[in-house]
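Have a look at the structure below, then the notes.
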Amino acid sequence: MGLNEIPKGYEALTVETLPTRLASLADVKARVGPDPESWSVREVGDGNLNLVFIVTGPAGQLVVKQALPYVRLVGDSWPLPLKRAFFEYHALTRQAARDPGMVPQIYHFDETQALIVMEYLSPHIILRGKLIKGERVQGLGPALGKFCARTAFRGSDLSMDAGQKKADTALFAGNVELCDITEQLVFTDSYYDAERNHHTPELQPAVDRLRADPAVKAAAQMMLMRFTSGGETLMHGDLHTGSVMCTDSDTKVIDPEFAFYGPFGFDLGMLISNYLMAYFSQPAHRPPDGLDAYQDWLLSVIEETSGAFIEEFKHLWATQRAGIIYPRSLWEDQGQSSDGARDGLLTHIWNDAMGFCGVELHRRILTLAHNADFETIEDTAARAKLEARSLDLGRSLLLRRPPDSAALVAMARAANAEDLL
Ligand code: SR1
Ligand code: MG
């Protein structure tokens with residue numbers, strides 16, 4: 001069966017049909033209650049692709065996520081394989097092993113129905129919404145920095161058995177259509193007048209400047225080549241603040257359906273980019289009183305995420321480096337330090353992360369899938385002014401990588417003070 005064919009028997013769930021359709025699943029009954037008639041079901045999917053149901057019964061709650069055979073944001077004119085649920089399921093199992101407790105527990109997977117039954121995270125809410133509301137999350141940076149380091153390190157040739165890594169690379173190589181979305185939307189569409197693009201009208205002068213710069217386009221395409229060809233580790237593939245759920249002190253990562261073997265720095269760069277867009281959008285969401293303090297907190301999260309990534313990566317390097325690349329036989333076993341090699345690799349990862357951060361700062365403003373940080377700003381002139389800062393920082397990052405997170409934060413502060421329109 002081709003990836004684009006709908007498997008025989010697949011049927012999208014509805015709030016009405018879900019109880020009958022899932023009534024035979026022992027795992028579901030055990031967690032929600034034995035009588036499906038006592039379940040209540042809400043559809044809460046607010047992402048771009050899937051159906052998401054919360055099922056509540058006398059015994060508890062769970063989430064049912066089901067892929068649709070098309071892009072929900074666009075409609076059935078853009079078909080999308082159901083197989084993405086298979087990749088999400090396999091990515092979740094690997095992430096659960098590589099950073100235990102950081103992703104929802106899976107209760108059931110049905111490949112034909114493209115559905116995953118999983119833990120209901122409560123009282124967690126989507127991080128993007130929390131940041132728009134000006135809420136803080138204790139331990140956010142360390143949790144996500146460690147998550148990026150653990151999944152990057154443990155999903156790579158630094159740690160995995162070589163045969164397993166190759167088999168896994170082949171498995172996830174099938175995630176073609178989801179990669180295609182990223183390849184078009186994240187790396188390419190921003191830099192020309194692509195059909196599905198839209199942007200804030202008042203931003204036009206800044207858009208024209210960006211698209212007139214051949215060096216920016218070359219740098220973005222270099223990052224695309226890194227994405228398509230740099231199969232270093234199993235990436236989450238879509239780690240933005242809408243793929244993170246938090247309470248005030250707990251953080252979880254969801255939605256790895258874009259998982260694919262790519263560069264070590266991709267997830268870190270995308271995440272930092274989304275923190276930065278939260279930062280730039282704040283003047284429209286906060287009264288002046290408290291704005292500086294909240295923006296400072298967001299920048300501190302960037303530094304903590306980067307710091308935790310580096311610290312954890314170094315720890316894993318020292319204690320769990322057992323794969324085929326950078327073997328201990330070349331350094332430690334000869335009584336030498338591998339710190340220089342490690343730091344060189346970390347510089348490579350950081351430089352990539354900053355390039356990915358740059359393209360993401362552009363695409364959420366210029367291509368199809370915008371983010372609520374900017375999109376909920378109703379005054380379009382005010383929105384454009386803030387978006388222009390994001391475009392400007394994205395351009396700077398593509399052309400000149402900051403050496404570390406302190407330098408990145410200094411660049412963000414400088415861009416935040418600019419009037420670019
Ligand atoms: C057509 S899908 C658009 C975006 O939504 C997902 O969350 C990914 O970020 C993708 O690029
Ligand atoms: Mg998603």
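In listed order, ligands and their atoms are each counted from 1. We're numbering straight along the sequence, starting at 1.
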Using distance alone, with no hydrogens and no angle criterion, decide if S156 and E232 have a side-chain donor and acceptor under 3.5 Å apart. no
Using 30° and 60° as the class boundaries, would you call the ring planes of F313 and F153 parallel, tilted or perpendicular? perpendicular
Pairwise distance NE2(H90) to CZ(F172) - rounded to 0.5 angstrom: 7.0 Å
Going by atom type alone, with no hydrogens or angles, which donor-acceptor pairs under 3.5 Å involve a side-chain atom of residues 130-149 and a protein atom two or more places apart or on another chain?
| from | atom 1 | to | atom 2 | distance (Å) |
| --- | --- | --- | --- | --- |
| K130 | NZ | E135 | OE1 | 2.9 |
| K130 | NZ | D248 | OD1 | 2.9 |

Salt bridge or not between R21 and E16? Use side-chain N to carboxylate O under 4.0 Å. no
Note down each nitrogen or oxygen pair, ligand 1 side and protein side, whose separation is under 3.5 Å; give only atom names and the distance to 0.1 Å.
| from | atom 1 | to | atom 2 | distance (Å) |
| --- | --- | --- | --- | --- |
| ligand 1 | 5 (O) | N48 | ND2 | 2.6 |
| ligand 1 | 7 (O) | D238 | OD2 | 2.7 |
| ligand 1 | 7 (O) | H240 | NE2 | 3.4 |
| ligand 1 | 9 (O) | D238 | OD1 | 2.6 |
| ligand 1 | 9 (O) | D238 | OD2 | 3.3 |
| ligand 1 | 9 (O) | R363 | NH2 | 3.0 |
| ligand 1 | 9 (O) | R364 | NH2 | 3.0 |
| ligand 1 | 11 (O) | R363 | NH1 | 2.8 |
| ligand 1 | 11 (O) | R363 | NH2 | 3.4 |

Y275 side chain to T305 side chain, donor-acceptor N/O pair below 3.5 angstrom: yes
